[in-house]
Asks: 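Structure below; questions to follow.
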Amino acid sequence: MAALLSTTCRSHSYSLLPSSSSSSSSSSSSSIHGQNHQRLNFSSYIAKRVLPAKVSFHSRRNYHLNVVLMQDGAVATPAIPVENETPFKKLKGELLTSVPSTQEFKEAASFYVNKDESTVSITVVGASGDLAKKKIFPALFALYYEGCLPKHFTIFGYARSKMTDAELRNMVSKTLNCRIDKRENCDEKMDQFLKRCFYHSGQYDSPENFAKLDKKLKEHEGGRVSNRLFYLSIPPNIFIDAVKCTSSSASSGIGWTRVIVEKPFGRDSDSSAALTKALKQYLEEDQIFRIDHYLGKELVENLSVLRFSNLIFEPLWSRRYIRNVQLIFSEDFGTEGRGGYFDNYGIIRDIMQNHLLQILALFAMETPVSLDAEDIRNEKVKVLRSMRPLQLEDVVVGQYKSHTKGGVTYPAYIDDSTVPKGSLTPTFAAAALFIDNARWDGVPFLMKAGKALHKKRTEIRVQFRHVPGNLYNQDFGNDLDLATNELVIRVQPDEAIDLKINNKVPGLGMRLDRSNLNLLYAARYSKEIPDAYERLLLDAIEGERRLFIRSDELDAAWALFTPVLKELEEKNVIPEYYPYGSRGPVGAHYLAARYNVRWGDLGIEQ
């Protein structure tokens, strides 16, 4: 019997045949009555071959049947159809009574046995853009170089720009590089990868152009089970047109079709809800992969491992021992010609409402029932729904101004030619948030995000409470914060985990010192850390949704920030100006001090 395809770049294998759930995306073998078998999921193929002709395509694509192929080739048929993992529109009585016969199951199973290999077609919509060139194509090549892509795969670029296959390959080749620890056969691997890359020019709102793309995809798929992944690397105002055309003219007729959608997911609750509603006219929720690349960062994914697999941390992870949590994002450069896009969103929408809030939810969630995507996302949603509405007095906004340092003059935000003159869009924001549940009641979660600051960093800082009745307080003087234990998770750059502890300095006297227990990833692990896009693209191919955002998560996140965003804009709140390359507005320090907190990234120890 033909085996299911799997890859070896991860410790688990996965099936590239159509699957209705993330949990079933891994190929597995088990035993029924002592015989080995493999479970295959079928969708539109069976719908087209065995379901009544009058059933609509929209209904058919959600009709999944489980067929068990025994080792001897026999087919074990279930008593009833197995539904998709997510809620969908129930089929009418005429469909539910039309249960395929044993012979029809055998016919479908025979199809899969004969089609012993599947193919994945990855289409980058918006292939001529910066994101595609700098992140998506390099990530796909890295996956290919590591042996993580299936044997049969094709990559298509799709955009309005006129371009040949050769021109696409030349453009892509300039951004590719091999792993530092695996440079053998690099040029050969690049050539092999580029031969799998093709281009099709077309409009994003043209069903005819997407139908031509579909024809090209089928030529390369060669009659195999076709699975298709579309990455929408395009502006949000044309998402819906592209999704509509993809669904109607270029979706897979036999395998799965998935669509990766880039942020921003709207500007507020209303626009986000409208976008979700429009997407769901053409796609089911489990076909939509809303990507937030920060969830693919190594240290962010390590959060749950650090907490749930180390006994020393989980008992401390609550209001009883944690005094405050800080989520800090800073860039040491400004908008640099991209101010036109940024000015429409600002730092709160661009960074805080998605990247930092997603990290907060992962950090603060309760222990999930399992590592299944839905169990984890359920716990994240609970955190977001437990958060206290954000008040304007708990928010500080700023905007960088021109500054001269070392003879070099750095421009102000409004000096960017793409930014409207007199813009009040914040390039810096700090906020104090609270989770009103039993674990975190009263613990301030401080967020800070800004551009044109003194350093580039993203980190999580967990400051623990003071030791009650500390015998050594006299050695720290009046500043008890010097004696506070702190856990620092540095997401980027120079990924690391630091635990700050108090320690006696060697010698005859009693002098205390604050020391670091440090795990620096570059020193501990020789293997280069994969880019976040590599992990997320591989997850999308596998059907793993754990690191992608569900629609109710998105609703809860926008519900938290929308009221304060509207208030900032309606009141035309003037941002506090701070010099380019500084530590940000002074107001952020007053905000932290109001809750008896000192920003951890501003101390002497870094």
Asks: Looking only at side-chain N and O atoms, does Thr425 offer a donor or acceptor that is under 3.5 Å from a partner on Asp343?
Replies: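 Side-chain D/A pair, Asp343 to Thr425: present.
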
Asks: With sequence neighbours excluded, what pairs up with Asn378 under the side-chain hydrogen bond (donor to acceptor under 3.5 Å, both in side chains) test?
Replies: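 With sequence neighbours excluded, Asn378 shows a side-chain hydrogen bond (donor to acceptor under 3.5 Å, both in side chains) to Arg550, given in chain and number order.
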
Asks: Is the closest side-chain donor-acceptor distance between Gln287 and Tyr282 under 3.5 Å?
Replies: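 Per modelled atom types, Gln287 and Tyr282 side chains form no pair under 3.5 Å.
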
Asks: Answer yes or no: is there a side-chain heavy-atom contact under 4.5 Å between Thr246 and Thr123?
Replies: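 Thr246 vs Thr123: side chains apart.
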
Asks: Does Asn227 reach the main-chain N or O of Val120 with its side chain, forming a donor-acceptor pair under 3.5 Å?
Replies: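 Such a contact is absent between Asn227 side chain and Val120 backbone.
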
Asks: Taking C-beta and beyond as the side chain, do Val261 and Val259 meet within less than 4.5 Å on heavy atoms?
Replies: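 In short, these two side chains touch, coming nearer than 4.5 Å.
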
Asks: If you round to the nearest 0.5 Å, how far is CG of Asp332 from NE2 of His454?
Replies: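 One finds 10.0 Å between NE2 of His454 and CG of Asp332.
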
Asks: Tell me if the aromatic rings of Phe137 and Phe141 count as close, with their centers under 6.0 Å from one another.
Replies: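 No, the ring of Phe137 stays outside the 6.0 Å limit from the ring of Phe141, centre to centre.
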
Asks: Testing the basics here: between Phe198 and Arg169, what is the closest heavy-atom pair and its distance to 0.1 Å?
Replies: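 Of all heavy-atom pairs spanning Phe198 and Arg169, the closest is CE2-NH2, 3.2 Å.
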
Asks: Rounded to the nearest 0.5 Å, what separates atom CG in Leu547 from atom CD1 in Ile376?
Replies: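 With rounding to 0.5 Å, CG (Leu547) is 7.5 Å from CD1 (Ile376).
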
Asks: Establish, for the pair Lys244 and Phe239, whether the NZ or CZ atom is under 6.0 angstrom from the six-membered ring centre and no further than 45 degrees off its axis.
Replies: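 Not flagged: Lys244 not positioned over aromatic ring of Phe239.
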
Asks: Using side-chain contact (heavy atoms from CB on, under 4.5 Å), reason through Glu219 and Lys215 one step at a time and then give a plain yes or no.
Replies: CA-CA 6 Å; Glu219 291 174 359; Lys215 184 178 179 181; 4.1 Å; yes

Asks: Check whether any side-chain heavy atom of Val124 sits under 4.5 Å from a side-chain heavy atom of Ile136, and report yes or no.
Replies: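 SC-SC contact between Val124 and Ile136 confirmed.
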
Asks: Check whether Arg490 reaches the backbone of Glu459 with its side chain - one donor and one acceptor, N or O, closer than 3.5 Å.
Replies: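 The answer is no, because no donor-acceptor pair under 3.5 Å joins these two groups.
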
Asks: Please report the shortest heavy-atom distance between Ser269 and Ala559, naming the atom on each side.
Replies: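 Reported closest heavy-atom pair: OG-N, 3.5 Å.
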
Asks: Begin with the C-alpha distance, continue with both residues' side-chain angles, and end with the deciding distance and a verdict on side-chain contact (heavy atoms from CB on, under 4.5 Å) for Thr119 and Val225.
Replies: CA-CA 6 Å; Thr119 181; Val225 177; over 6 Å; no

Asks: Do Arg457's NZ or CZ and the ring of Phe329 fall within the cation-pi criteria of under 6.0 Å and 45°?
Replies: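 No, Arg457 does not lie over the aromatic ring of Phe329.
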
Asks: Might you work through the side chain to side chain donor-acceptor pair (under 3.5 Å) test for Asn237 and Tyr204, ending with a clear yes or no?
Replies: CA-CA 11 Å; Asn237 61 309; Tyr204 299 125; over 6 Å; no

Asks: Using the ring of each side chain (for Trp, its six-membered ring), is Tyr580 parallel, tilted or perpendicular to Tyr410, with breaks at 30° and 60°?
Replies: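 The arrangement is parallel - the two ring planes meet at less than 30°.
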
Asks: Could you report the tightest heavy-atom contact between Ala412 and Tyr400, atom names first, then the distance?
Replies: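 For Ala412 and Tyr400, the tightest heavy-atom pair comes out as C-CE1, 3.5 Å.
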
Asks: Between Leu384 and Leu357, is there a side-chain heavy-atom distance shorter than 4.5 Å?
Replies: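 When only atoms from C-beta onward are counted, Leu384 and Leu357 do touch, with a gap below 4.5 Å.
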
Asks: Side chains of His355 and Asp292: any donor to acceptor distance under 3.5 Å?
Replies: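 Asp292 vs His355: donor-acceptor pair found between side chains.
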
Asks: Under the 3.5 angstrom rule, does the side chain of Ser271 hit a backbone N or O of Asp268 as a donor-acceptor pair?
Replies: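 Checked: pair present.
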
Asks: Quick one: does NZ or CZ of Lys297 land under 6.0 Å from the six-membered ring centre of Tyr294, within 45 degrees of the ring axis?
Replies: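 Judged by the rule, Lys297 and Tyr294 form a cation-pi pair.
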
Asks: Do you know which two heavy atoms are closest between Pro563 and Trp558, and how far apart they sit?
Replies: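 The pair with the smallest heavy-atom distance is CD-O, 4.4 Å.
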
Asks: Any donor and acceptor pair, going by atom type alone, linking the side chain of Glu167 with main-chain N or O of Thr164 inside 3.5 Å?
Replies: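 Side chain of Glu167 to backbone of Thr164, a donor-acceptor pair under 3.5 Å: yes, one is there.
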
Asks: Strictly distance-based, threshold 3.5 Å: is any side-chain N or O of Ser423 a donor or acceptor partner for the main-chain N or O of Pro420?
Replies: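 No, because the side chain of Ser423 does not come within donor-acceptor range (under 3.5 Å) of the backbone of Pro420.
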
Asks: Do Lys135 and Asp130 pass the salt bridge (Lys or Arg N to Asp or Glu O under 4.0 Å) test, and can you show the C-alpha distance, the side-chain angles, and the key distance before you say yes or no?
Replies: CA-CA 8 Å; Lys135 290 293 184 180; Asp130 282 348; over 6 Å; no

Asks: My understanding is that only residues two or more places apart in sequence, or in another chain, count here; which of them pass salt bridge (Lys or Arg N to Asp or Glu O under 4.0 Å) with Glu221?
Replies: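 Scan of Glu221 (salt bridge (Lys or Arg N to Asp or Glu O under 4.0 Å), adjacent residues dropped) gives Arg228.
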
Asks: Return the minimal non-hydrogen interatomic distance between Ile414 and Val419, and the atom names on each side.
Replies: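 Scanning both residues, the minimum pair turns out to be CA-CG1, 4.2 Å.
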
Asks: Under 3.5 Å, is there a donor-acceptor pair linking the side chains of Lys280 and Ser551?
Replies: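 A donor-acceptor contact under 3.5 Å links the two side chains.
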
Asks: Just wondering, do Leu538 and Glu542 contact through their side chains at under 4.5 Å, heavy atoms?
Replies: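 Yes. Closest side-chain heavy atoms under 4.5 Å.
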
Asks: Taking Ser128 for the side chain and Ala159 for the main chain, is one N or O donor matched with an acceptor at less than 3.5 Å?
Replies: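 Such a contact is absent between Ser128 side chain and Ala159 backbone.
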
Asks: Kindly check if the number of other-residue, nucleotide or ligand heavy atoms within 6.0 Å of NZ (Lys212) is above 12?
Replies: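 Counting other residues, nucleotides and ligands, NZ of Lys212 stays at 12 neighbours or fewer.
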
Asks: Give, for atom CD1 of Ile351 and atom OH of Tyr345, the distance between the pair rounded to the nearest 0.5 Å.
Replies: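 One gets 13.5 Å once the value is rounded to the nearest 0.5 Å.
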
Asks: So does Asp539 pair up with Arg545, basic N to acidic O under 4.0 Å?
Replies: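 No salt bridge links Asp539 with Arg545.
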
Asks: Rounded to the nearest 0.5 Å, what separation is found between the NZ atom of Lys401 and the CG atom of Asp415?
Replies: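 Interatomic distance, Lys401 NZ to Asp415 CG, rounded to 0.5 Å: 12.5 Å.
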
Asks: Distance from Ser226 atom OG to Leu217 atom CG, nearest 0.5 Å?
Replies: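 The distance works out to 8.5 Å.
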
Asks: Could you work out, with salt bridge (Lys or Arg N to Asp or Glu O under 4.0 Å) as the rule, every residue matching Glu569, not counting sequence neighbours?
Replies: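 Glu569 satisfies salt bridge (Lys or Arg N to Asp or Glu O under 4.0 Å) with Arg267, Arg349 once adjacent residues are dropped.
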
Asks: Quick one: does NZ or CZ of Lys189 land under 6.0 Å from the six-membered ring centre of Tyr144, within 45 degrees of the ring axis?
Replies: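 Output yes; distance and angle both within limits.
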
Asks: Tell me whether Ser251 contacts the main-chain N or O of Thr257 through its side chain, where contact means a donor paired with an acceptor under 3.5 Å.
Replies: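 Flag not set: sc Ser251 to bb Thr257 has no pair under 3.5 Å.
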
Asks: Taking it one step at a time, do Tyr413 and Lys451 satisfy side-chain contact (heavy atoms from CB on, under 4.5 Å)?
Replies: CA-CA 10 Å; Tyr413 172 68; Lys451 289 182 172 293; over 6 Å; no

Asks: Under a plain distance cut-off of 3.5 Å, with no hydrogens placed, do Gln492 and Lys456 share a side-chain donor-acceptor pair?
Replies: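 Result is no, nothing qualifies.
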
Asks: Run the ring-centre check on Tyr158 versus His200 and record whether the distance is less than 6.0 Å.
Replies: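 Yes, close enough.
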
Asks: Would you say that Leu560 contacts Leu433 through its side chain, given a criterion of any heavy-atom pair below 4.5 Å between the two side chains?
Replies: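 Yes - at least one pair of side-chain heavy atoms lies under 4.5 Å apart.
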
Asks: Under 6.0 Å between the ring centres of His220 and His152?
Replies: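 Not close enough - the centres of the two rings lie 6.0 Å or further apart.
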
Asks: Parallel under 30°, tilted from 30 to 60°, perpendicular over 60°: which one fits the rings of Tyr533 and Tyr231?
Replies: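 Aromatic pair Tyr533/Tyr231 classed tilted.
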
Asks: I'd like to know if the side chain of Thr175 reaches the main chain of Lys134, judged simply by a donor and an acceptor atom lying under 3.5 Å from each other, with no hydrogens or angles considered.
Replies: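 Between the backbone of Lys134 and the side chain of Thr175 there is no qualifying donor-acceptor contact (under 3.5 Å).
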
Asks: For Glu285, run the salt bridge (Lys or Arg N to Asp or Glu O under 4.0 Å) check against Arg377, Arg258, Arg290 and tell me which one passes.
Replies: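 Among Arg377, Arg258, Arg290, the one meeting salt bridge (Lys or Arg N to Asp or Glu O under 4.0 Å) with Glu285 is Arg290.
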
Asks: Please lay out, stage by stage, how Lys218 and Asp214 fare under the test salt bridge (Lys or Arg N to Asp or Glu O under 4.0 Å).
Replies: CA-CA 6 Å; Lys218 287 177 179 176; Asp214 177 66; 3.3 Å; yes

Asks: Please tell me if the side chains of Leu327 and Thr458 come closer than 4.5 Å, counting only heavy atoms from C-beta onward.
Replies: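 A side-chain contact is absent here, since even the closest heavy-atom pair is not under 4.5 Å.
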
Asks: Once rounded to the nearest 0.5 Å, what's the spacing between atom CG of Leu295 and atom CZ of Arg535?
Replies: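 Going from the CG atom of Leu295 to the CZ atom of Arg535 covers 11.0 Å.
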
Asks: Phe363 versus Ile460: any side-chain heavy-atom pair under 4.5 Å?
Replies: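 In short, these two side chains touch, coming nearer than 4.5 Å.
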
Asks: Side chain of Glu146, backbone of Leu143: donor and acceptor closer than 3.5 Å?
Replies: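 No; judged by distance alone, with no hydrogens or angles, the pair does not exist.
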
Asks: What are the two closest non-hydrogen atoms of Phe561 and Met447, and how far apart are they?
Replies: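 Reported closest heavy-atom pair: CZ-SD, 4.4 Å.
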
